[in-house]
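To start, the structure under review is shown below, and the notes come after it.
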Number of protein chains: 2
Amino acid sequence: MAGTRRTQGILGGRSDDVVERVLEAALAEVARAGYAGFRIADVATQANVHKTTIYRRWPDRAALVGAVVDRMRQPIEQTPLPDTGALETDLLEAFSRRATFGRKREGQAWAMLLAERHSEEVSALIGHTVFARRDAWHAMIERAADRGEIPRDTDGPRVLHLIRALVDAQPGDAAWLGVAVRTVLAGVRAGTVLRETGPAAR
Amino acid sequence: MAGTRRTQGILGGRSDDVVERVLEAALAEVARAGYAGFRIADVATQANVHKTTIYRRWPDRAALVGAVVDRMRQPIEQTPLPDTGALETDLLEAFSRRATFGRKREGQAWAMLLAERHSEEVSALIGHTVFARRDAWHAMIERAADRGEIPRDTDGPRVLHLIRALVDAQPGDAAWLGVAVRTVLAGVRAGTVLRETGPAAR
DNA sequence: ACAAGAAGGCAACTCCCCGTCGCCATCTTG
DNA sequence: CAAGATGGCGACGGGGAGTTGCCTTCTTGT
């Protein structure tokens, strides 16, 4: 039963190579064409691998792009969120990391996927990234409330949602990020983003 | 030369009917499947018209969806922007009109297209809608500045851009719209959205 | 009322991409 | 070094986008 051991486990030698090349090419392909324009056949060509080989390891496009996303996510999720002592700088730092992590390719690929995040498939793929660390983000807001920077009953998740919506509208634009963060914070301080407020949160 | 007159001009009778039914079905199709999932063959079926007939009048998907968009746009663009005497209510009114104009179908179709607006093709189709009336919108901001509601050197286009980005992130959600408008206005009043400010607009 | 000609119905066809299959070649490992 | 895992290869079924040629039906001026 020689050669049986690697069926699904850690791969070595040739297989490792193939996986590496395919993932590399797939990342480039996402950066180039996003999810909708993603052609498995093109990835195969770029990776010098046959189309079938890809399908054997990743059942379909979603699985392959999913693998690419997983790989991009690691470096970012393993760094703790900033704690600079001021909410504004925390947010600026955290979001700018998110925007420009890794080498250029990753950032670009990420921007492409963000642009398509309204598609069911894409949002299923990238939905986790901020969401997974919800507690850490929420703690960031809590700290600011404890310091008295913002009202006690500020709606933390909504604050993040506002900033994220703004940032994602213009990913990778540092000036825009600054305006977005400062503008939302002005609103937060003015109490426009409170929990459970009636119809109008004047 | 009977029957020659209507080649491209105003159509009557049968043709009118066909155009109407096709556009109606196409609107429903956009509302159902957005642009990416838009199948001309399905439109044909829904409209009780042959696929070929559609292709004869509209060269491709973009043209057909474009026609649908044009049609949705008219009712909205022919109403002047509100002038209630306060920027907040002006914005609330203007954006909520945009979100829920016409019958339900139009609003839904619009939301679908918004969701896909990052695709080149889609943004080319819907890009105008707010942009076309840039001057009117800008005047709305100017009036507020004249009344002293916001700083004189507020960056009007950017204010609109901020609100639009926020609103479009959650189209059709009235509560969200309220928070978005009030939050951005708080920032504007605090001077976070000024023209030509240096690196940081504290 | 009617003939000319515009508009619509229909089916077959070309492209192009997705994902699958069967068969054969090559690499890895006990 | 042989067994068996892995990859290469080409063909195929499926489905949607547009196109084309031909025929049927409707509209309109006279």
Side-chain angles (χ1 to χ4, degrees), chain A residues 1-26 29-30 32-67 119-122 125, chain B residues 1-26 29-30 32-68 116 119-122 125:
Chain A
M1 307 222 164
T4 294
R5 194 158 301 147
R6 299 195 272 80
T7 311
Q8 294 289 16
I10 294 96
L11 309 159
R14 181 168 63 148
S15 300
D16 240 11
D17 242 48
V18 170
V19 171
E20 181 59 34
R21 270 182 297 151
V22 169
L23 252 25
E24 210 23 67
E29 182 71 357
V30 171
R32 187 186 68 73
Y35 186 82
F38 188 91
R39 310 248 163 281
I40 288 204
D42 288 357
V43 175
T45 308
Q46 279 178 57
N48 267 310
V49 149
H50 208 88
K51 195 175 63 149
T52 324
T53 304
I54 295 182
Y55 278 111
R56 264 195 280 256
R57 204 176 288 274
W58 299 274
D60 53 23
R61 180 167 34 169
L64 181 49
V65 177
S119 121
E120 290 282 324
E121 277 176 285
V122 175
L125 287 174
Chain B
M1 310 230 165
T4 295
R5 194 158 300 149
R6 299 195 274 81
T7 311
Q8 295 289 14
I10 295 95
L11 308 158
R14 181 168 62 149
S15 300
D16 241 9
D17 242 48
V18 169
V19 170
E20 181 58 34
R21 271 182 296 152
V22 169
L23 252 24
E24 213 17 71
E29 182 72 357
V30 171
R32 187 187 68 73
Y35 185 82
F38 188 91
R39 310 249 164 283
I40 288 204
D42 289 357
V43 175
T45 307
Q46 279 178 57
N48 268 309
V49 148
H50 210 86
K51 194 173 63 147
T52 325
T53 304
I54 295 183
Y55 277 111
R56 266 194 278 255
R57 204 176 287 275
W58 298 275
D60 53 22
R61 182 172 25 174
L64 181 50
V65 176
V68 170
E116 297 173 276
S119 121
E120 291 281 325
E121 277 175 286
V122 175
L125 287 175

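Here is the naming used below: chain letters follow the sequence lines, and residue numbers restart at 1 for every chain. For clarity, every value in this text was computed on a predicted model and none was experimentally measured.
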What is the separation between atom [atom1] on [X] and atom [atom2] on [N], rounded to the nearest whole Å?
X	N	atom1	atom2	result
A:R57	D:dA5	CZ	P	14 Å
B:R61	C:dC16	CZ	P	16 Å
B:D42	D:dA17	CG	C1'	12 Å
B:R21	C:dG8	CZ	C1'	10 Å
B:Y35	D:dA17	OH	P	11 Å
A:L64	C:dG19	CG	C1'	13 Å
B:I54	D:dG16	CD1	P	15 Å
B:I40	D:dT19	CD1	C1'	12 Å

### Message
To the nearest 10°, give me the bend of the helix from C:dA1-D:dT30 to C:dG30-D:dC1, comparing the axes of its five terminal pairs at either end.
### Response
20°
### Task
Apply salt bridge (Lys or Arg N to Asp or Glu O under 4.0 Å) to B:E121 and list each qualifying residue two or more places apart in sequence or on a separate chain.
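Result, salt bridge (Lys or Arg N to Asp or Glu O under 4.0 Å) vs B:E121: none returned.
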### Message
Base of D:dG18, side chain of B:R56 - is there a donor-acceptor contact under 3.5 Å?
### Response
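By the distance-only test, no, there is no pair.
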Measuring from [X]:[atom1] to [Y]:[atom2], what's the distance to the nearest 0.5 Å?
X	Y	atom1	atom2	value
A:L64	A:F38	CG	CZ	4.0 Å
A:S119	A:L125	OG	CG	8.0 Å
A:R61	A:Y35	CZ	OH	5.0 Å

### Query
Can you tell me if A:D16 uses its side chain to pair, donor with acceptor, with the backbone of A:V19 under 3.5 Å?
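Side chain of A:D16 to backbone of A:V19: no pair is present.
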### Task
Specify the closest pair of heavy atoms between A:K51 and A:A44, including all atoms of both residues, with the distance to one decimal.
N-CB, 3.6 Å
#### Entry: Pairwise side-chain contact, A:E29 with A:R32, heavy-atom cut-off 4.5 Å (strictly under)
yes
### Query
Given side chains that start at C-beta, do those of B:V68 and B:W58 come closer than 4.5 Å, heavy atoms only?
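No - every pair of side-chain heavy atoms lies 4.5 Å or more apart.
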### Task
Report the nucleotide, chosen from C:dG19, D:dG18, C:dA7, that has the shortest atom-to-atom distance to any side-chain atom of A:Y55.
C:dG19
### Task
Report the residue from B:D17, B:I54, B:V43 that forms a side-chain contact (heavy atoms from CB on, under 4.5 Å) with B:V49.
B:I54
If you restrict it to nitrogen or oxygen atoms, what contacts under 3.5 Å exist between nucleotides 10-15 of chain D and the protein, and what is each distance?
residue: D:dG10; atom: O6; partner: A:T52; partner atom: OG1; Å: 3.2

### Query
Under 4.0 angstrom, heavy atoms only, what part of the nucleic acid is B:N48 near: base, sugar-phosphate, or nothing?
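Touches sugar-phosphate only.
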